[in-house]
Amino acid sequence: MADFKKSVVYQIYPKSFNDSNGDGLGDLRGVIEKLDYIKELGVDYIWMTPFFVSPQKDNGYDVEDYYNIDPRYGTMEDVEELSREAEKRGIRLMFDMVFNHTSDRNQWFQKALAGDPKYKDFYIFKKGPKPGVPPTNWESKFGGNAWEYVEKFDEYYLHLFDVSQPDLNWDNPEVRKEVQNVIKFWMGKGIKGFRFDVVNLISKDKFENDYEGDGRRFYTDGPNIHKYLRELNEATFGTDAEIITVGEMSSTTMENCYQYANEDGKELSMVFSFHHLKVDFMGNEKWVIVPFDFQKLKKILFDWQVNMGKHHAWNAVFWCNHDQPRVVSRFGNVEKYWKESAKMLGTVIHCLRGTPYIYQGEELGMTNAGFADISQYKDVESLNHFRILQEKGLTEENAYQILQIHSRDNSRTPMQWNSGENGGFTTGEPWIEVNKNCSYINAEAELQDEDSIFHYYQKLIALRKEYDVIAYGEVKPLDEKNPSVFAYEREYQGEKMLVICNFYGKKVTWDSEKELGEYQCVLSNYEVHNIEGSRIWLKPYEAVVLYKK
Ligand code: GLC
């Protein structure tokens, strides 16, 4: 069985990873070229975000054809070669399956629009209560009402995301069969990992107006969600113990995740949850500027750590992905302690209980894009909200300030390979601008520097393989209310690990309940430590990992 507890996953956003043919877009051959780099880091899996045929309204999360490769990314032969070449290096691929919705260009939706009743029932079409009024007041995650009117039927279809991403009707058994066929097809190609996009939204509950929120309570973790996941598991990936799966759980509850990611293996191997990444939101409202709440961040992460453990369920642990701003810009300090804070943040995540995910460039300490002109932004969500924010009365300047913090494009700028033109990403015109700091934040420089963030991530990955306590141990939060220290203990069969991290740029003294001298320091972002008895004097953003058997 694949031991996902000892594994680390590296996420590739192919469009921004490496362009092999100079058209400005990253591609599959570009990924093949960089496999040695990924192997050097030491990861076990590569999660590839979607590269299936797609009009790219949402960069591939709008799938037109689940069985074919978008020519912009390459060919089926390229996918097969990528899989073979990765396997040679002991790395497996995880494909990204988007089944809450399709693209409106998908033939199922095209047939639905043409009036074919079989395919109309693949989607969620409803009448409005009266002319001009959509069936419910639910909001699309990308802004605006979640229903689109189709005059021909005098009906609306549901799109929880962009208008070009109609939601599939999972209550229709034929839809579920089609989804199974897609997974079986990719299993047939030897794929051993699957990520399921916003999969906890597939079972819709009542189609009612939401007077308290944006509608999410009517479609999140819906009534048949566990039934549908179990069915999918039994019919497809559950038949192969080598396959690992992760579900992206939007606005989920912990209680549901106990089931989604239970060790009994009936649903998925693990889950992504996002509550810890809303600590710089106002409630669920992302398009605001508020400083991050450190106490909340710790509380949420610790709650999930402890309770998922108690209920024998498994987390994916992460700071970054293609939807999140860069963590070093978000919770670290790029100006003064770029290296230290990036390493500290990596330590907090990698020593937790769960499978760590690294998003391309995180291992280099890549930072937010900082775009200051709308023409630089490409993401549909950012473009919509730039408009919506101004419609709500914010100045253009305010709207830019918010995008600079929260836009998904912050993490979608091209991978910085070297200090040359376009950071070595492409010889052509990149589809989105390369961050200027590629002059000093880049893979080439970091590979040469012993003390780089890259080499620190390499050590974090190696540590998980070396110490069973990281993979299998229990988690005990320490000094939870401390205003600047993030500390926890791991324990497994007599092995103990203490992870002590200063989350801020000010020195701080931390007192442990243990005699720290009994521990050996196995990793830190500083060379020298000030430890005496049970006391440690932490330098700015210092992280120490202490071990004892
Ligand atoms: C997920 C993806 C995101 C996409 C959305 C709709 O949240 O990670 O990139 O836009 O689903 O598919």
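Only a predicted model underlies this, so the values are computations on that prediction, with no experimental measurement involved. Order of appearance sets the numbers: ligands from 1, and atoms from 1 within every ligand.
Near His101, with a cut-off below 4.0 Å to any heavy atom, the atoms of ligand 1 are 6 (C), 12 (O). Taking every non-hydrogen atom of His322 and a distance limit under 4.0 Å, the qualifying atoms of ligand 1 come out as 2 (C), 3 (C), 8 (O), 9 (O). Using a 4.0 Å cut-off to heavy atoms of Phe142, the atoms of ligand 1 that qualify are 10 (O).
Within 6.0 Å of atom NZ in Lys299, 12 or fewer heavy atoms from other residues, nucleotides or ligands are found, so the atom counts as exposed in its surroundings.
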Practice problem: Mind running side-chain contact (heavy atoms from CB on, under 4.5 Å) on Ile402 and Leu394 for me, showing each step along the way? | Solution: CA-CA 10 Å; Ile402 295 177; Leu394 268 75; 3.6 Å; yes

Practice problem: Evaluate the criterion side-chain contact (heavy atoms from CB on, under 4.5 Å) for residue pair Phe196 and Ile202; output intermediate values, then yes/no. | Solution: CA-CA 11 Å; Phe196 294 102; Ile202 57 175; over 6 Å; no

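Counting only heavy atoms of the protein, atom 7 (O) of ligand 1 lies nearest to Glu248 OE2, 2.9 Å. Looking at atom 4 (C) of ligand 1, its nearest protein heavy atom turns out to be Asp58 OD2, 3.3 Å. Taking atom 5 (C) of ligand 1 as the reference point, the nearest protein heavy-atom neighbour is Phe161 CE2, 3.8 Å. Protein heavy atom in closest approach to atom 8 (O) of ligand 1: Asp323 OD2, 2.5 Å.
Comparing heavy-atom distances from atom 1 (C) of ligand 1 across Leu160, Val199, Asp197 singles out Asp197 as nearest.
For Arg195, every heavy-atom contact with ligand 1 shorter than 4.0 Å involves the side chain, none the backbone. Proximity of Arg408 to ligand 1, defined as any heavy-atom pair under 4.0 Å, is confined to the side chain (atoms from C-beta onward). When non-hydrogen atoms are compared, ligand 1 lies under 4.0 Å from the side chain of Arg412 (C-beta onward) but not from its backbone.
By the side chain to side chain donor-acceptor pair (under 3.5 Å) test, Asp293 pairs with no residue at all, sequence neighbours left out. Under the rule for a ring-ring contact (aromatic ring centres under 6.0 Å, His included), the partners of Phe161 that lie at least two apart in sequence or sit in another chain are His101, Phe142.
Remark: Lys126 qualifies as a cation-pi partner of Phe207 under the 6.0 Å distance and 45° angle criteria applied to the six-membered ring.
Ring orientation note: the planes of Trp147 and Trp138 are tilted relative to one another, at an angle of 30° to 60°.
Taking a cutoff of 4.0 Å between a charged side-chain nitrogen and a carboxylate oxygen, Glu391 and Arg387 qualify as a salt bridge.
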